[in-house]
J.: 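Structure in structure tokens, see below.
Predicted, not measured: the structure shown is a model, and the values here were computed from it.
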Amino acid sequence: MTGRVEGKVALITGGAQGLGEAAARMLVREGAHVVITDVNDAGAKAVADSINATRAGAAIALHHDVTKEDEWVAVLAETERVFGGLHVLVNNAGIGLTKDLEAITLDEWRYVHAIDLDGVFLGCKHAVGLIARTAQATGLGGSIVNISSISGIIAGHNMAAYNSAKAAVRHLSKSVALYCARKGYNIRSNSVHPVFIATPILDPLVSRFGKEEAYAKLGRQVPLGHIGEPDDIAYAVLYLASDESKFVTGAELKVDGGISAM
């Protein structure tokens, strides 16, 4: 442990697996306490238990539907009760939808936006007050890290709902950054934009082609020639959560193997 986020408390949504799990484990290794939230209660608890087996009391797991405002209020209250405050919010929970524009139903459109965008908005809205108070009390800077996607910058012909939601997260992050700066909250807000990462979000493609072929097909689209690993994103989260990025706000960090440079 090098303590890059020593003494900080982080809340990570969608932490039961994939990018959220990787971020939680890395932040704990670097000194943070973490609140792992998810609708997958068993998965979140398993991650928290695994973390606590190596560092007792470092993690708790909470049930959390990010589309429900009352659950945000409850999760933040419990975070403050258990750990005394909050320094870092990682809005990671999200879903994908690959479907042609004319085939997307209005309910599907709204469902993708409810989780991928509304959930991020609710997190930012309700967490900034707690993060600001904690930052002031502890002298440690606050940080909001919103997991968007390279699909929020580069569009796809069959990803209208996902493109729209993730692009909105990018701009929302900038608005939150400017708001927090104007209010003097000592909170930074940035977005992270992954390309294809080896997480369960790729499972439909893996089921169709097999893991090796699916990963190879996606990797051929990336200039570096392969897809990413969860820790590639976790390192980006760690940087933005730490005070190493104290002068970085309203920015987007692309972790995409060079695809957006094409």
Side-chain angles (χ1 to χ4, degrees), residues 12-23 38-40 43 64-67 90-123 145-173 191-234 236-237 252-262:
I12 301 124
T13 67
Q17 62 185 2
L19 301 184
E21 177 183 355
D38 210 297
V39 292
N40 177 359
H64 187 194
D65 180 341
V66 297
T67 69
V90 182
N91 279 309
N92 167 74
I95 60 168
L97 179 67
T98 303
K99 199 168 185 181
D100 286 348
L101 172 67
E102 294 175 286
I104 298 172
T105 67
L106 184 56
D107 284 344
E108 288 172 329
W109 173 270
R110 288 173 172 165
Y111 185 61
V112 170
H113 283 77
I115 296 173
D116 290 1
L117 177 58
D118 297 352
V120 176
F121 158 71
L122 289 171
V145 183
N146 294 326
I147 306 300
S148 178
S149 169
I150 203 62
S151 295
I153 297 174
I154 299 172
H157 69 92
N158 57 351
M159 303 180 71
Y162 189 67
N163 285 153
S164 172
K166 290 299 188 178
V169 168
R170 174 176 178 257
H171 227 56
L172 171 62
S173 302
S191 57
V192 177
H193 298 260
V195 73
F196 316 116
I197 307 292
T199 67
I201 202 169
L202 300 184
D203 284 353
L205 200 64
V206 169
S207 297
R208 182 179 175 187
F209 294 104
K211 183 176 180 179
E212 185 175 347
E213 183 179 350
Y215 285 9
K217 284 174 70 69
L218 294 174
R220 285 193 289 272
Q221 301 177 49
V222 179
L224 286 183
H226 59 84
I227 67 172
E229 301 172 354
D231 272 359
D232 294 326
I233 308 306
V237 172
E252 62 268 354
L253 180 50
K254 293 177 280 188
V255 189
D256 66 354
I259 197 168
S260 63
M262 297 173 65

J.: Do M262 and P223 have side chains that approach each other closer than 4.5 Å (heavy atoms only, starting at C-beta)?
T.: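 In short, these two side chains touch, coming nearer than 4.5 Å.
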J.: Nearest 0.5 Å, please: how far is NZ in K99 from OG1 in T105?
T.: 5.5 Å
J.: Which residue in the set L19, I12, V192 passes side-chain contact (heavy atoms from CB on, under 4.5 Å) when paired with V90?
T.: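 Single side-chain contact (heavy atoms from CB on, under 4.5 Å) partner of V90 among L19, I12, V192: I12.
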J.: Do H64 and T13 get their side chains close enough for a donor-acceptor pair, meaning under 3.5 Å?
T.: no
J.: Identify the two heavy atoms, one from S191 and one from S148, that lie closest to each other, and give their separation to 0.1 Å.
T.: CB-CB, 4.4 Å
J.: So do K166 and D116 actually touch side chain to side chain, heavy atoms under 4.5 Å?
T.: yes
J.: Heavy atoms, side chains only, cut-off 4.5 Å: are I233 and N92 in contact?
T.: no
J.: If you round to the nearest 0.5 Å, how far is OG of S173 from CG of L253?
T.: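 Output value for this atom pair is 12.0 Å.
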J.: Kindly indicate whether the side chain of I95, heavy atoms from C-beta on, has any atom under 4.5 Å from the side chain of Y162.
T.: no
J.: Say you draw a straight line from CZ of R110 to CG of L117; how long is it, rounded to the nearest 0.5 Å?
T.: 14.0 Å
J.: Is there a donor-acceptor pair closer than 3.5 Å between any side-chain N or O of N40 and the backbone N or O of A16?
T.: no
J.: Can you tell me how far the CD atom of E102 sits from the CG atom of N158, to the nearest 0.5 Å?
T.: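 The CD atom of E102 sits 13.0 Å away from the CG atom of N158.
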J.: Would you say H113 and S164 make side-chain contact, with heavy atoms under 4.5 Å?
T.: yes
J.: How far does CG of N163 sit from CG of L101, to the nearest 0.5 angstrom?
T.: 11.0 Å
J.: Above 12 or not: heavy atoms from other molecules or residues under 6.0 Å from CD of Q221?
T.: yes
J.: As a test of understanding, state which of L202, I197, D232 forms a side-chain contact (heavy atoms from CB on, under 4.5 Å) with I227.
T.: L202
J.: So, for W109 and A161, which heavy atoms are closest and what is the spacing to 0.1 Å?
T.: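 Smallest heavy-atom distance, with atoms named: CZ3-CA, 3.5 Å.
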J.: So which heavy atom on A93 is nearest to which on V66, and how close?
T.: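 Scanning both residues completely, I find the closest heavy atoms to be CB-CG1, 4.0 Å.
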J.: Decide yes or no for I147 and V237: does some side-chain heavy atom of the first lie under 4.5 Å from some side-chain heavy atom of the second?
T.: yes
J.: Check whether any side-chain heavy atom of N146 lies under 4.5 Å from a side-chain heavy atom of N91, and answer yes or no.
T.: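 Answer yes - side chains close enough.
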J.: Quick check: are there more than 12 heavy atoms from other residues, nucleotides or ligands sitting under 6.0 Å from OH of Y111?
T.: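 Not buried by this count: 12 neighbours or fewer within 6.0 Å.
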J.: Kindly compute the distance separating NZ (K211) from CG (D203), expressed to the nearest 0.5 Å.
T.: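 Spacing of NZ (K211) from CG (D203) equals 9.5 Å.
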J.: Between I201 and G96, what is the shortest heavy-atom contact and its length?
T.: CD1-N, 4.2 Å
J.: Could you pull out the closest heavy-atom pair between A160 and I104, with the gap in Å?
T.: CB-CD1, 4.1 Å
